[in-house]
Every structure is written in C-alpha cells, then in structure tokens.
Amino acid sequence: MWAEFFRDLVDQGPLIMRGLGDSLLLTAIVSLTGFFLGLVVFYFRHCQFAIIRLILRGYISFFIGMPLIVLLFLMYYGLPPWGVSLSPFSVAVIGFTFNVAAYNAAYLTTAYHALDSAELEAARAAGFRPFQVFRLITLPQVLRFSVPALTNQVIRNLKDSSVAFLIQFNDFFSRVQELAATNFMFFRAYLFAAVVYLLLVMVLVLIARQIERRVMIPGVYIAPESLGSSAV
Amino acid sequence: MAFSEMLAQLASGAVFTVLVTVACCATALAVGLLSACARRVFPFPAVIRALDLFAFVFRGIPVLVLLFLVYFGLPGAGIRVSPLGAMMLSLGVISGAYLAEVFRGALDAVDAAEIMAAQSMGMSRWQVFLHIELPQMMRFSVPGMVNEFTNVLKYSPFGYTVGIPEMTKQALVLSSATLRGVEIYLAAGILYFLVYRLLLVGVRVLEKHWRVPGMGPAHLQDQPV
Amino acid sequence: MALIEIRRLRKLFDGHPVLNGVDIDVAEGDVKVVMGPSGCGKSTLLRCINRLVEPSSGSIHFRGAEVTGPDVNVRSLRQQIGFLFQQFALYRHLSVLDNTALGLRKLKGMKKKEAAERALHELNRLDMAGHRHKFPAHLSGGQKQRVALARALAMDPAVILLDEPTSALDPVMAREVAQLINRLHGEGVTMLCVTHDLEFASAIAERVAFLDEGIVQVEDRLSVLYEDHAHPSIRNFFMKQERSS
C-alpha cells in the first residue's frame with residue numbers, strides 16, 4: 001500500500017515540489033515583510049504622538065485577537081464585489097504580513113519593557129537625538145532580546161502557510177490533497193504532509209539555534225513563552 | 001437581508017465558536033497537566049524523552065494538517081471521529097503540547113528547596129506535586145496559558161472545514177448569499193476580538209482571585225524585606 | 001539509649017568520601033551541635049538521617065530502629081523528624097497559617113479547622129500568630145525562620161534537624177534564633193544542629209562535635225576546644241572564624 005502511495009507521489013512529484021516551493025516562498029516573504037512592518041509598528045508604537053500610539057496599540061491587540069483566516073476571507077471573498085480582485089497569493093501575503101507584524105511588534109514591545117531605562121536616559125543625556133537612540137541603543141538590544149520569539153514566529157509562519165489553501169492558493173498542502181483525491185489514500189497523504197512540515201520545522205529550529213548563539217547577549221535571555229499577547 | 005439579521009446569524013455561530021474553543025482548551029489543559037505531572041511524578045529518562053518527543057512533534061505539525069489527518073484520514077484506518085472530537089484531537093492536542101512546554105518552564109521556576117522541604121515532611125512524590133508544584137506552576141503559567149487559549153480561539157475557525165457551523169462558517173454562508181463580504185467578515189473579526197477581550201477579562205478576574213502577594217518565579221524573587 | 005545513634009556512617013559522592021565513618025549520639029531532650037568548615041559534610045549528615053540522601057554504609061538508629069536499608073518506611077520516618085532549611089523553604093503560595101497547617105492536613109489527616117487551631121497554637125508559641133495571614137514574600141528572614149520552626153513543631157516531631165539556621169540571617173536575628181532554640185530546649189524539644197557560626201553555637205550549646213574531613217575529630221566543651229586549639233584542623237577553623245568576624 002505504501003509502495004503504491006509513493007509511486008503516485010513520484011508521479012505527482014513535480015506538482016508537489018512546486019507546491020512546496022510556493023509554501024516556502026510565501027513563508028519567506030511574509031517573514032520578511034512581517035518583520036519589517038513589525039519594526040515600523042514598534043517604532044511608532046513608542047513615538048511622541050499619543051494618538052498614533054493608541055492606534056497602533058489597537059492594531060496590535062486587534063490582530064492578535066482576531067483569526068488570520070477571517071482577514072484572508074475578507075480580502076478574498078469580500079473585496080471582489082467592490083471591484084478589487086486579488087490573487088490568492090497577494091491576499092495571503094497582505095493578510096499574513098499584517099498579522100505577523102502585529103505579533104512581532106508585540107514581541108519587540110515586551111523586550112523594550114525589559115530594557116534598562118537608565119541606559120536610554122544616558123544616551124539621551126549624551127546628546128543623541130531620539131532616532132539615534134532608537135537606532136543605536138534601543139533597536140540592537142531589543143532585537144537581540146527578541147531573537148527566540150522572532151525565530152519562533154518564522155516557524156509559525158511556515159506552519160500557518162498551510163492555511164492559504166483555504167483561499168485556493170496552491171501550496172504544498174493543497175497539492176498533497178489533490179494527490180489524495182486521485183488515489184483516496186487520505187491517511188497516508190496527510191501523514192506524509194505532517195512529516196514534511198515536521199522536518200522543515202526541524203531545519204528551521206536548527207537555523208534559529210545558530211542565530212541565537214551568534215547574536216544573543218551573554219547572560220540576558222527572555223524565554224519566548226514569556227513574550228506575546230500579554231504584552232499588549 | 002437586514003444587517004441585524006446577519007449579526008444574529010453570526011452570533012449563532014459564535015456559540016459554536018465558544019463551544020469549540022472551550023472543548024479544545026479543556027483538552028489542551030488535560031494534555032498539558034498530564035504531561036507536567038508525568039514529568040515530575042515519574043521522572044525516568046524514558047518518560048522525559050517521550051514527553052519531549054511528544055511536545056516537539058505536535059508543535060511541529062500545522063493544526064490544519066493534523067485536523068485533516070484525524071477527520072479525513074483516520075476513517076480510512078477504520079476510525080471515525082466526530083467533528084468536535086477531531087478538533088479536540090488536533091487543535092486541542094497541539095495546544096496541549098505548547099502548554100506542556102509552558103508548564104515545564106513554570107515547574108523549573110518552583111524553588112527546589114521548597115520541594116525538598118515538602119519531601120522531608122514525609123510527602124509522597126504525588127503529594128509534593130499536588131500541594132507544592134502544581135499550585136505554583138499554575139500561577140507562573142498564566143501569561144503562557146492566555147497566549148495558548150488565544151491561539152485556540154484563533155484556530156477555532158478550522159472547525160468549519162469539518163462541518164461545525166461556527167462563526168466563520170456563518171460568515172462564509174452570509175457573504176456568498178449577500179455579496180457583502182467586507183462588512184460581514186469585519187463584523188466577524190470584531191466578534192472574535194470581543195470574545196478574546198472577554199477571555200482576557202475572565203483571566204484577570206481569576207488571576208486576581210488566586211493571586212499570591214509578592215510571589216514570582218524563583219529566579220525573579222524579590223529580596224527579603 | 002540515645003534517640004539517634006549514628007555509627008561508622010559513610011557517604012561517597014562519585015567515589016569521593018564526604019562522610020567517612022561518623023559516630024554521633026543525640027540523647028532525648030538534648031541540643032546537639034555539630035560544627036565544621038563548609039564542605040565538611042555537615043548538611044549531608046543531616047540529610048542521611050531523614051534519608052534525603054542515601055548513606056553508603058554504616059548505621060543510623062532512630063528510636064532504636066535502623067533507618068537505613070530498603071525496608072524502612074521513609075515517609076513515616078520523615079514525619080517524625082522535623083527539618084529546618086538554611087533558606088527557610090517556606091511554600092511561597094501559602095500563607096503563614098497554611099504553611100504551618102499543610103502537613104497536619106495532608107499527612108496527619110486532620111480536618112481543616114483542627115489543623116488551623118493546632119497551627120495557630122504553634123505560631124502563637126513562636127510569636128508569629130499575628131502574621132498568620134501574611135505570605136512568605138512579605139516576611140523578614142527571622143520571621144520566615146520562626147514560621148519554618150512552627151511548621152516543623154506542628155508535626156510533633158521526635159527531633160528537629162537544623163541545617164545552618166543562621167547563615168541567611170544578620171547577627172541580631174541570629175541571636176533571636178538562638179534565644180528561641182534555648183527556649184524550646186527548655187521545653188524539652190530535641191534538636192540536632194549543624195552550623196559553622198561560632199557565636200551561635202556557643203549560645204545554644206556547651207559541648208560541640210567538630211566534624212572535618214568526613215569524621216568527628218573531637219567532641220568537647222566549646223571553651224576547651226577554643227582555648228586549647230589542640231587539634232590542627234580545629235586551630236585552622238577557629239582562626240578562619242576569627243578572621244571573618
């Protein structure tokens with residue numbers, strides 16, 4: 001039975017590999033866009049205008065409290081009647097980016113609260129302008145504090161990318177389902193998909209460990225589970 | 001269709017959303033607590049390794065993949081699972097694996113001297129866990145548990161893929177019938193957000209009730225006054 | 001017959017002897033003090049008695065019965081032996097009253113009300129009843145020590161083992177603990193105390209056993225040990241004590 005499954009798998013190999021490539025591409029893109037938007041949100045989350053701070057706090061809280069899939073459906077099914085038709089890939093990229101950025105901004109904010117405020121005051125007293133303080137003192141430390149949480153988020157992005165098939169994006173998982181639909185070996189197909197995701201996660205975990213080892217500040221560690229929505 | 005009717009239909013779905021969320025959170029708690037308990041009461045290398053493997057595997061598989069494996073895959077192996085059961089076995093168990101990690105970190109924050117004091121009073125391993133480690137662990141785990149229960153709520157829409165008429169399903173039906181997807185999904189998003197805030201308020205109340213003055217994890221403990 | 005009789009007690013950690021043939025007796029109603037430099041095996045000695053540490057060889061008799069070996073009911077043994085830890089080890093999630101009552105309820109099977117009354121009685125005895133609703137984080141070191149003592153006494157133990165009870169306290173508080181121990185001694189409580197605090201030792205006992213390099217080097221009146229400095233390891237120890245104080 002398994003032999004039969006793997007024969008079909010090899011037959012559909014090119015399609016499945018393409019799906020896998022698309023899943024990884026989506027993961028990579030939203031990890032980057034989500035990271036940079038998260039940085040921007042984090043920066044303005046602490047800017048001098050109370051109204052902007054309030055709006056961004058609301059943004060982070062709302063996107064952490066609302067399912068991603070609702071946002072994806074909103075764009076995918078809701079926008080066409082308004083004359084805006086986006087491809088599944090565009091919808092996924094935009095939706096994930098807003099969602100991931102909210103999480104990343106929350107992690108960075110938690111790390112920011114763990115900073116030594118005397119250090120920031122010292123920098124300001126030394127004559128650095130606010131943006132310089134942010135770029136030279138705040139950001140490097142906050143980023144290092146957040147490495148475990150930020151890399152965790154990339155792993156989450158990979159797993160969550162499987163959601164995109166619900167808006168007809170032909171990712172790895174949807175290709176595996178097509179395979180299952182042709183030979184009715186659902187159990188084997190899903191088990192295969194689970195193992196592939198697990199292996200990819202293992203690779204990402206190993207890479208994350210390497211990054212952590214390189215950039216972490218000795219003696220300073222914030223456990224990823226202590227970072228999160230409770231920060232908001 | 002009037003907007004109030006749509007809201008009513010979404011709200012009827014919200015009941016199922018809450019049901020799915022509560023069922024999966026309960027599963028996650030059961031799995032996480034069992035794992036934490038096994039780790040402390042049966043601290044043999046084989047048990048620890050098995051628990052670590054369990055946590056790693058179930059944190060590495062996407063919820064949707066496991067849900068489909070359980071709901072659409074298991075019948076091929078002769079096992080039928082109800083839609084809610086499938087959600088509990090996928091979303092619930094995966095969240096349980098995450099909670100197990102949260103609890104593991106919280107257990108490490110329990111002071112070893114207190115455990116030894118309890119043992120030297122004559123308590124069994126189980127009594128030490130029940131009366132000393134568990135109460136402290138639960139309090140240290142509140143932020144992690146809030147995160148995890150929030151995640152359960154946010155993954156609960158997957159229930160529609162196995163036929164549970166929860167809120168996202170209602171939104172799908174409404175939006176295809178009315179072509180007013182933007183308003184409907186926005187309303188659904190706000191309803192999810194309200195459920196989330198309600199959950200936070202609930203946790204705050206519970207936390208206040210169970211709060212122990214001056215108690216934090218061992219390594220963050222303040223100095224004697 | 002002594003309450004505790006320790007004979008030729010040895011304990012090896014990774015092949016290295018920490019206790020290397022210790023003989024000690026503790027008589028009923030006695031306050032026995034064991035002194036020695038850090039790392040001499042004092043804490044290990046106490047932990048062997050209530051089996052938190054498994055002895056490698058030798059014998060320990062408690063109330064005439066051997067406590068080493070596989071057939072001993074360790075939990076029942078431990079219920080008869082109070083233990084006071086260096087860092088107090090109060091349960092942080094429980095109030096002072098609940099800390100004291102926990103063992104009574106869960107180990108002696110008392111009802112909640114009965115256990116609370118008994119606990120309150122012990123707290124009263126140590127002048128801590130007024131603090132019964134406080135949590136450990138809000139107590140001073142000396143107060144924690146009193147609660148830890150009340151918690152041990154509540155179980156009505158045959159002996160209380162004290163592991164460096166003053167090392168986490170300032171000198172004023174240490175003197176208070178010494179007074180307390182003397183009072184309990186007067187009330188007939190048996191205690192075995194290990195410490196490296198000379199002032200504290202002289203405040204609670206006339207005679208001390210001196211433990212070094214895994215064996216009891218000498219046991220005598222403190223004044224004799226202090227003046228004669230006969231034994232080289234004792235001389236070393238007392239000189240270090242004087243330098244540090």
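- Heavy-atom minimum distance, Y185(B) versus V70(A): O-CG1, 3.4 Å.
- Only the side chain of Y160(B) comes within less than 4.5 Å of a heavy atom in chain A; its backbone stays farther off.
- Within the 4.5 angstrom heavy-atom criterion, atoms from both the backbone and the side chain of M202(A) approach chain B.
- Contact of R188(A) with chain B is not made at all, since no heavy-atom distance falls under 4.5 Å.
- Scanning all heavy atoms of the two residues, the minimum distance from V57(B) to L198(A) falls at O-CD1, 3.6 Å.
- At a 4.5 Å heavy-atom cutoff, the contact between F63(A) and chain B is made by backbone atoms alone.
- Closest approach of V65(B) and A193(A) over heavy atoms only: CG1-CB, 4.0 Å.
- Counted within 6.0 Å of CZ on R53(A), heavy atoms from surrounding residues, nucleotides or ligands total more than 12; the atom is thus considered enclosed.
- Atom CZ of F44(A) has 12 or fewer neighbouring heavy atoms from other residues, nucleotides or ligands inside a 6.0 Å radius.
- Here the CG-CZ distance, from N151(B) to R156(A), works out to 4.5 Å after rounding to the nearest 0.5 Å.
- When heavy atoms are compared at a cutoff of 4.5 Å, F158(B) approaches chain A solely by way of its side chain, counted from C-beta outward.
- One distance of note links CG of D160(A) with NZ of K154(B); it measures 8.5 Å at 0.5 Å rounding.
- Between chain A and the options G76(B), A77(B), P157(B), heavy-atom pairs under 4.5 Å are most frequent for P157(B).
- Residue contact with chain B, scored on non-hydrogen atoms closer than 4.5 Å, involves the backbone and the side chain of P67(A) alike.
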| Checking side chain to side chain contact (heavy atoms under 4.5 Å, CB included) for the pair Y197(A)/I61(B): CA distance, chi angles, key distance, verdict? | CA-CA 6 Å; Y197(A) 278 109; I61(B) 300 176; 5.7 Å; no

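- To the nearest 0.5 Å, the span separating CE on M66(A) from CD1 on I190(B) amounts to 9.5 Å.
- Taking OH of Y155(B) as the reference point, atom CD1 of I69(A) lies at 11.0 Å (rounded to 0.5 Å).
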| message | Go through it in stages, so that I can follow the logic: the residues are I184(B) and Y77(A), the test is side chain to side chain contact (heavy atoms under 4.5 Å, CB included), and I'd like the CA-CA distance, side-chain angles, deciding distance and then a yes or no. | response | CA-CA 10 Å; I184(B) 288 162; Y77(A) 295 117; over 6 Å; no

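- Between chain B and the options V201(A), L74(A), V163(A), the largest number of non-hydrogen pairs under 4.5 Å is found for L74(A).
- Interface remark: L66(B) contributes no atoms to any contact with chain A (heavy atom separation under 4.5 Å).
- One distance of note links CZ of F68(B) with CG of L191(A); it measures 15.5 Å at 0.5 Å rounding.
- Of the listed residues (L191(B), L74(B), V70(B), L172(B)), the one with the most heavy-atom contacts under 4.5 Å to chain A is L172(B).
- In this pair, F72(B) and Y190(A) present their aromatic rings tilted. The plane angle is within the 30 to 60° band.
- With a 4.5 angstrom heavy-atom cutoff, E183(B) touches chain A only via side-chain atoms.
- A distance of 12.0 Å separates CZ in F62(A) from OH in Y192(B), rounded to the nearest 0.5 Å.
- Heavy atoms of S156(B) lying under 4.5 Å from chain A are absent altogether.
- Between S61(A) and Y196(B) the shortest side-chain heavy-atom distance falls below 4.5 Å.
- Of all non-hydrogen atoms in P62(B) and K159(A), the two that sit nearest each other are CB-O, 3.5 Å.
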